[in-house]
Amino acid sequence: MKQRVSALLREKLGREVVLEKPRDRSFGHFATPIAFSLAKELRKSPMVIAEELAASFGDVEEFASVESVKGYLNFRLSENFLAEYASWALQNPAEFATQKKNQKILLEFVSANPTGPLHIGHARGAVYGDTLYRLAKHLGYDITAEYYVNDAGNQIDLLGLSIQLYAREHILGEDVEYPEAYYRGEYLEDLAQGAIEKFGKEIFSDESRQKELAMWAKDEVMKIIVKDLGDTNIFFDTFVNESGLYADWDRVMQKMGDGVYEKDGKVWIASEAKGDDHDRVVVREDGRPTYLAGDIVYHNQKFERGYDHYINIWGADHHGYIPRVKAAIEYLGYDSSKLEVLLSQMVSLLKDGEPYKMSKRAGNVILMSDIVEEIGADALRFIFASKKSDTALEFDLAEFKKQDSSNPIFYIQYAHARIQTLLSKAEVSKDEIANASLKNLGEQADTLLFDALLLPEVVDDAFHSRQVQKLPDYLKSLAASLHKFYYDVRMIGTPDEAKLLKMLQVVALSLKTGLALMGIEAKNRMTKEEE
RNA sequence: GCGUCCGUGGCUCAACUGGAUAGAGUUUCGGAUUUCGGCUCCGAGGGUUAUAGGUUCGAAUCCUAUCGGGCGUACCA
């Protein structure tokens, strides 16, 4: 819709114009401040230019009116145009807001270490990533969701050790001394029990078998992680294991050429020359590659697989890591601007206004699965998708347990359900609704219809600006318009019933499509929450 | 110290990326409706957009400085 208007203006004015939604709908459907930017080169006042431009439009089929107000150019779409577009959307719901795109994108996100269940910080990145993924898919991109499994390095050894220590204390009843760093949490109990079945109790007391235990355990932990993600409607296309990458290290190191050098018995990458604070070690004195080496091989592999664009979603605590990875990509001979790193910020939780108590059994973190259990996956997704990912976030769990307008999920779902209820009570037939004309709806219904038809613009904008919160914001405001309309206008049994219900079908389509893009299923009926 | 993200009603967040009167929810108070609803709708109150300058037709948004906060500053991942 916007593209169509945009194209019209480009044709008319011979340049790209900024198109925006006026704050006040009485100004029209779309507006542009183009006259202001033209004022300087034409040496005329913006008002005059706007007047002239408005007059020059004359009769265009798509517009009911073009007006100039205080230098702005305001467009009102014609009923014909809106009605046709709406009917098309109802007949082609799958294509609503979709377009074929010829771009391959690799999206890497979550990538949490397989040393324990996901916590609340991971959840934010996971929801952000998955929402972007759904948006891109819907927009027609060829996008792949990938999880990088850090199944090598010290933290895996630590996992083996942690299970042994846990089992020796709680299962074998020994006195054990814990080192400074080790993992804790209820999941260790399950892992220990599983290990007994698999290996027998002896494995806990044999330090030389720590590695064996760890390699088994990290796969088990990955199963937990994949389940947690699945419970939240998040799925990955591919998993890449860090441990499988190091075999390729020598070749990749060669490939970087002058980008790496030897000094003090170690191998360094000359990242400072590419904007990093200083050069970094990639191979230690004892010959073991560092974590960075693994990431370099991984990114080389990504580029060799050949995508047009790469998106990584990292926790904000990794932001200092970006320059060195970009440096490596350039030494490998690739265009580092193809890699886009999005950061997701920290999360803190409130419950009834008080800081959320850390779960004791989980050690010192809040588990994603606990939150899902408490408020449901839909609410969790909604919260994290609702806020800009680059700002720190605080939220109150209590807000999402209520059944009223303060709970946006309930509010939106209720809007959708209300429409379904009305449709089921309709006194006119399905055919009558389908064949109804969407013209002469009246101003309020017209506005609602227009709002519903904005979904494609919102989806497009949300993805390209990487600001997924625009989608839930839009859904909230669409739901509000619907509730207001429902309150103001009686539909069943009136002469306009068929056309109004048809209009509501468009609203329902946008709500349902929008919710699906957030990984949430639209409900046809609100059910009381069982205690 | 340096890097980086940020600072918007009492609280949690928006603001179409430089546009029209800075908007929602929550809280408080008052009203309306009761077309399946435990809902829903309307109104009122609340703002020098951290502070001070600058850029221009126009700034919450861009630039500079100051103040305050998060994160980072590993041969850990």
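Below, chain A is the first sequence line, B the second, and so on; all start at residue 1.
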I want to verify a distance call: between [options], whose nearest atom is closest to the [X] side chain?
{"X": "A/Gln467", "options": "B/rC36, B/rA20, B/rA15", "answer": "B/rA15"}
{"X": "A/Tyr72", "options": "B/rA74, B/rU17, B/rG19", "answer": "B/rG19"}
{"X": "A/Pro33", "options": "B/rG19, B/rC16, B/rC42", "answer": "B/rG19"}
{"X": "A/Asp317", "options": "B/rA20, B/rG37, B/rC71", "answer": "B/rC71"}
{"X": "A/Lys484", "options": "B/rA20, B/rC41, B/rA77", "answer": "B/rC41"}

Whole angstrom value for the distance that separates [atom2] of [N] from [atom1] of [X]:
{"X": "A/Asp276", "N": "B/rG72", "atom1": "CG", "atom2": "P", "answer": "17 Å"}
{"X": "A/Lys476", "N": "B/rU40", "atom1": "NZ", "atom2": "C1'", "answer": "18 Å"}
{"X": "A/His319", "N": "B/rC5", "atom1": "NE2", "atom2": "P", "answer": "8 Å"}
{"X": "A/His278", "N": "B/rC2", "atom1": "NE2", "atom2": "P", "answer": "16 Å"}
{"X": "A/Ile409", "N": "B/rC39", "atom1": "CD1", "atom2": "C1'", "answer": "17 Å"}
{"X": "A/Phe382", "N": "B/rU12", "atom1": "CZ", "atom2": "C1'", "answer": "14 Å"}
{"X": "A/Trp314", "N": "B/rA77", "atom1": "CH2", "atom2": "P", "answer": "15 Å"}
{"X": "A/Arg490", "N": "B/rA32", "atom1": "CZ", "atom2": "P", "answer": "20 Å"}

Centre of [Y]'s six-membered ring, under 6.0 Å away, within 45 degrees of the axis: is that where NZ or CZ of [X] sits?
{"X": "A/Lys274", "Y": "A/Tyr331", "value": "yes"}
{"X": "A/Arg184", "Y": "A/Tyr182", "value": "yes"}
{"X": "A/Arg466", "Y": "A/Phe463", "value": "yes"}

Would you mind reporting whether [Y] and [X] have side-chain heavy atoms less than 4.5 Å apart?
{"X": "A/Leu504", "Y": "A/Leu500", "value": "no"}
{"X": "A/Leu118", "Y": "A/Val110", "value": "yes"}
{"X": "A/Ile313", "Y": "A/Glu108", "value": "no"}

Rounded [atom1] spacing from [N] to [M] in Å:
{"N": "B/rG53", "M": "B/rA15", "atom1": "P", "result": "28 Å"}
{"N": "B/rA59", "M": "B/rU8", "atom1": "C1'", "result": "14 Å"}
{"N": "B/rC67", "M": "B/rU48", "atom1": "P", "result": "23 Å"}
{"N": "B/rG25", "M": "B/rG43", "atom1": "P", "result": "10 Å"}
{"N": "B/rU4", "M": "B/rA65", "atom1": "P", "result": "12 Å"}
{"N": "B/rC6", "M": "B/rU61", "atom1": "C1'", "result": "14 Å"}
{"N": "B/rC42", "M": "B/rA24", "atom1": "C1'", "result": "16 Å"}
{"N": "B/rC41", "M": "B/rA60", "atom1": "C1'", "result": "31 Å"}

For a quick test of reading the model: is some side-chain N or O of [X] closer than 4.0 Å to OP1 or OP2 of [N]?
{"X": "A/Tyr474", "N": "B/rA24", "answer": "no"}
{"X": "A/Gln469", "N": "B/rA15", "answer": "yes"}
{"X": "A/Tyr486", "N": "B/rG37", "answer": "no"}

[X]-[N] aromatic stacking (under 5.5 Å, under 30°):
{"X": "A/Tyr487", "N": "B/rU33", "result": "no"}
{"X": "A/Phe27", "N": "B/rA20", "result": "yes"}
{"X": "A/Phe36", "N": "B/rG58", "result": "no"}

More 5' along RNA chain B: A/Ala480 or A/Gln155, using each one's nearest nucleotide?
A/Ala480
Considering heavy-atom distances to RNA chain B, does A/Leu73 or A/Tyr414 have its closest nucleotide positioned more toward the 5' end?
A/Leu73
Donor-acceptor pair under 3.5 Å: do we get one between [X]'s side chain and the base of [N]?
{"X": "A/His483", "N": "B/rC41", "answer": "no"}
{"X": "A/Tyr321", "N": "B/rG72", "answer": "no"}
{"X": "A/His318", "N": "B/rG72", "answer": "no"}
{"X": "A/Asn74", "N": "B/rA20", "answer": "yes"}

With both distances under 3.5 angstrom, what nucleotide forms a Watson-Crick or G-U wobble pair with [N]?
{"N": "B/rU35", "value": "none"}
{"N": "B/rA59", "value": "none"}
{"N": "B/rG68", "value": "B/rC6"}
{"N": "B/rG1", "value": "B/rU73"}
{"N": "B/rC13", "value": "B/rG23"}
{"N": "B/rG43", "value": "B/rC29"}

Assign [X] to base, sugar-phosphate, or nothing according to its heavy-atom contacts below 4.0 angstrom with the strands shown.
{"X": "A/Arg418", "value": "base"}
{"X": "A/Asp277", "value": "nothing"}
{"X": "A/Ser465", "value": "base"}
{"X": "A/Val149", "value": "nothing"}
{"X": "A/Ala152", "value": "sugar-phosphate"}

Based on the glycosidic angle (syn within 90° of 0, else anti), state the conformation of B/rU17.
syn
Please report whether the ring centroid of A/Phe63 lies less than 6.0 Å from that of A/Phe75.
yes
Which word best sums up how the rings of A/His483 and A/Tyr414 line up, parallel for under 30°, tilted for 30 to 60°, or perpendicular for over 60°?
tilted
Once rounded to the nearest 0.5 Å, what's the spacing between atom CG of A/Leu448 and atom CE of A/Met503?
4.5 Å
